[in-house]
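Working notes for the structure below.
FYI, side chains are in, hydrogens and waters are out, and symmetry mates aren't considered; it's all heavy atoms of this structure. So that the names make sense, note that chain A is the first sequence line, chain B the second, and so on, each numbered from 1.
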Amino acid sequence: MSTPKLALVDLTKRYQPGLAPAVDHLNMEVEEGHLVALLGPSGCGKTTTLRMVAGLMDPTAGRIVVDGEDITSIPVHRRGMGMVFQSYALFPHMNVAANVAFGLRMRRLPKSERLERVRRALDMVQLGYLAERETKALSGGQQQRIALARALVVEPTLLLLDEPLSNLDAKLRESMRGEIRAIQQRTGATTLFVTHDQDEALDMADRIAVMNGGLIEQFGEPSEVYERPRTRFVAEFIGRANLLDATVVADRGPSGADERRYDVQVPGFGAVGAVGAPGLTGATRTMLVRPHRVQVHCDPGASGSPGTVESVSYTGDSVGYRVRVGDRAQLAEAPTDGRIAAPGDVVRLDWDPASAYLLPEEEER
Amino acid sequence: MTTPPNRFRRRVPVSAVALRVLVALLYVFLLAPLVIIVVISFSSNQYLSFPPTGFSLRWYAELPAETTFIQGMQTTLITASITTLIVLLIGVPASIALARYEVPGRGAISAFFLSPLLVPSVVLALGLVLTLGPLGLTNTYQGIVIGHVSITLPYVIRTTLMSLTTADTSSEEAARVLGANGWAVFRLITLPIIRPGVIAGGIVAFVVSFDEAVISLFVAESGKPTLPVQILRYVADSADAAVAALSVVLILFSVVIVVLVERVMGLRRTLI
Ligand SMILES: Nc1ncnc2c1ncn2[C@@H]1O[C@H](COP(=O)(O)OP(=O)(O)O)[C@@H](O)[C@H]1O
Ligand SMILES: [Mg+2]
């Protein structure tokens, strides 16, 4: 295997002795050219991790390795990173071009080359016409793109983005996602992207590291993290989830490369099908069914488990239902072309056994 | 904006008028001494007295010949300038250390730096005489400067700390990530951002030092009398109206400073 661009080895940060560490023996490897999202709820240690990689903060323990070389003790200004802060952190007393040129100035590049590279960087974010403007008068989106140009113009070893979209309004946020992703792919900059927004992570990242309480709960491709969460936390944090208690009754043979189909018993639903890792027969597991995989049948003669509709929310693209089955409410999301049930209606729920997933046993933490 | 109901609108002018009268009285109270001095400076009276019996410019004409004033002015300008320079060289790095680094006992250090504001100047002056005397520093420029640095440092630290704590530290961090070492961050980012606070502190330090009489009187009355000391002495033994003319010159001097600062960077932005 080739050396990863970035490796974090048992990275730990304890702000105060006695308190729980903000980042706790974190291990991760990032491949060259990838955009990795550090995704997790507020306070889970994302910013702390990013700041340690940047060199703005010393780890309490552990190592940061870039291109096979341990950089843990190299000071921040010699790490050659590019970082975009949540507040953009443009230099208020410099115009746009001087902001972008700053890193090149620190690298003592000749003026002609500086000008040329600043011009190219501003063109890349389509703001060449703002070069001589003061930064204060610019909109959030413009400041954001200038901060990105300023970080990328030095051709950084790693691009570090700390919630770069969280200060923008919803519309702009969506379009900036695509723009940042396109620029990242064009420049090939290996990128760590901190976010608490799962949609952003799913949309933009090559890999997602789901963090919780200073640890990575799961590291994988977006579809893997979404379809095959390793823990309840991941299943609930990424997307919406129905989590059911299932007792595995019988093994029904292979499903795909390394999973098996099982018959399981679920309170309220009776005997249903699910997939999961091998060797689960006889065990009890949490079963995940995504709401949009649940089929809602209004026809009383249909197959499936009966339940009572508690609430209906119509979004145009789909209809969301809360349906009470037995003593628990389940979520379902149905297309709008069929009949739409009303609260109080009795409907029947079922799903393709291949879209019900038995979570692996949770490790003790 | 919505219009308030009529019955309220009636009452507002009464209190507004009362407020205006009060403010006007305050201004009169504050400005009357200045007005009186200006008037006296143009009088033909021999002594400092009011009202004038006639008008003349003789006190202004005599000012340049008044060597005690000229020497006092010289001493004051030298000590105030050096004080300002030193106090900035100490105060700005000290503020940065307090605001940006995890200094143990930060609270105690801040309190120590700000404490001269709370100690009566007479007490401070007495302490200085007792300390500087054995060192041979009484009646020297150094003695005055040491005294003035200790009373002006709090102002510089306060204004600089204020700018530092309101400034967004992430632009300093952004500069470090982009390759700036500690000195480059200070010179290219921190200092330009806190410049208004530093200049405000410097101006206040200069003015306080320029105006200071108690410490100068204790520390250097006979050797290096500053202008305020000379004025005190002058009023004590001759009491003619030359002092009034000098005061008007000093008023103009402060107005010029204020206008210059306002021109260069906007005083309101500097002081707030
Ligand atoms: N400078 C600090 N001093 C003490 N505790 C801190 C500091 N910065 C962050 N923390 C704590 O560390 C934890 C992780 O913070 P952070 O990395 O900022 O989380 P995130 O970016 O995921 O929201 C939080 O509990 C936070 O309160
Ligand atoms: Mg954060």
Problem - Proximal component of B:Ala180, with respect to chain A [non-hydrogen, under 4.5 Å] - result: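 For B:Ala180, backbone and side chain are both near chain A.
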Handout entry: Under 4.5 Å from a heavy atom of chain A, the part of B:Ala175 involved
Key =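 Contact with chain A: backbone and side chain both.
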Practice task
Examine whether an atom of A:Val154 lies under 4.5 Å from a heavy atom of chain B, and if so say whether it belongs to the side chain, the backbone or both; otherwise answer neither.
Solution key: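 Looking at A:Val154, just its side chain touches chain B.
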Practice task
Go through the atoms of A:Leu90 and report whether side chain, backbone, both or neither lie under 4.5 Å from a heavy atom of chain B.
Solution key: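 Contact with chain B is through the backbone of A:Leu90 alone.
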Practice task
Would you mind telling me which of A:Met106, A:Met81, A:Met94 has the largest number of heavy-atom pairs within less than 4.5 Å of chain B?
Solution key: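 Heavy-atom pairs under 4.5 Å are most numerous for A:Met106.
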Exercise for the section: Sequence neighbours left out, what passes side chain to side chain contact (heavy atoms under 4.5 Å, CB included) with B:Leu77? Give chain and number order. Expected result: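 B:Leu77 satisfies side chain to side chain contact (heavy atoms under 4.5 Å, CB included) with B:Met73, B:Phe206, B:Phe210, B:Phe253 once adjacent residues are dropped.
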Output side-chain donor-acceptor pairs under 3.5 Å for residues 30-41 of chain A, partner residues at least two apart or in another chain, one line each.
none

Can you pull out all donor-acceptor pairs below 3.5 Å that join chain A and chain B?
residue: A:Arg51; atom: NH1; partner: B:Glu173; partner atom: OE1; Å: 3.0
residue: A:Arg51; atom: NH1; partner: B:Glu173; partner atom: OE2; Å: 3.3
residue: A:Arg51; atom: NH2; partner: B:Glu173; partner atom: OE2; Å: 2.7
residue: A:Ser87; atom: OG; partner: B:Asp168; partner atom: OD2; Å: 3.4
residue: A:Ser87; atom: OG; partner: B:Ser170; partner atom: OG; Å: 3.1
residue: A:His93; atom: NE2; partner: B:Leu188; partner atom: O; Å: 2.7
residue: A:Arg107; atom: NH1; partner: B:Leu178; partner atom: O; Å: 2.9

Handout entry: ring-ring contact (aromatic ring centres under 6.0 Å, His included) partners of A:Phe91, counting only residues at least two apart
Key =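 For A:Phe91 the ring-ring contact (aromatic ring centres under 6.0 Å, His included) partners, ignoring immediate neighbours, are A:Phe102.
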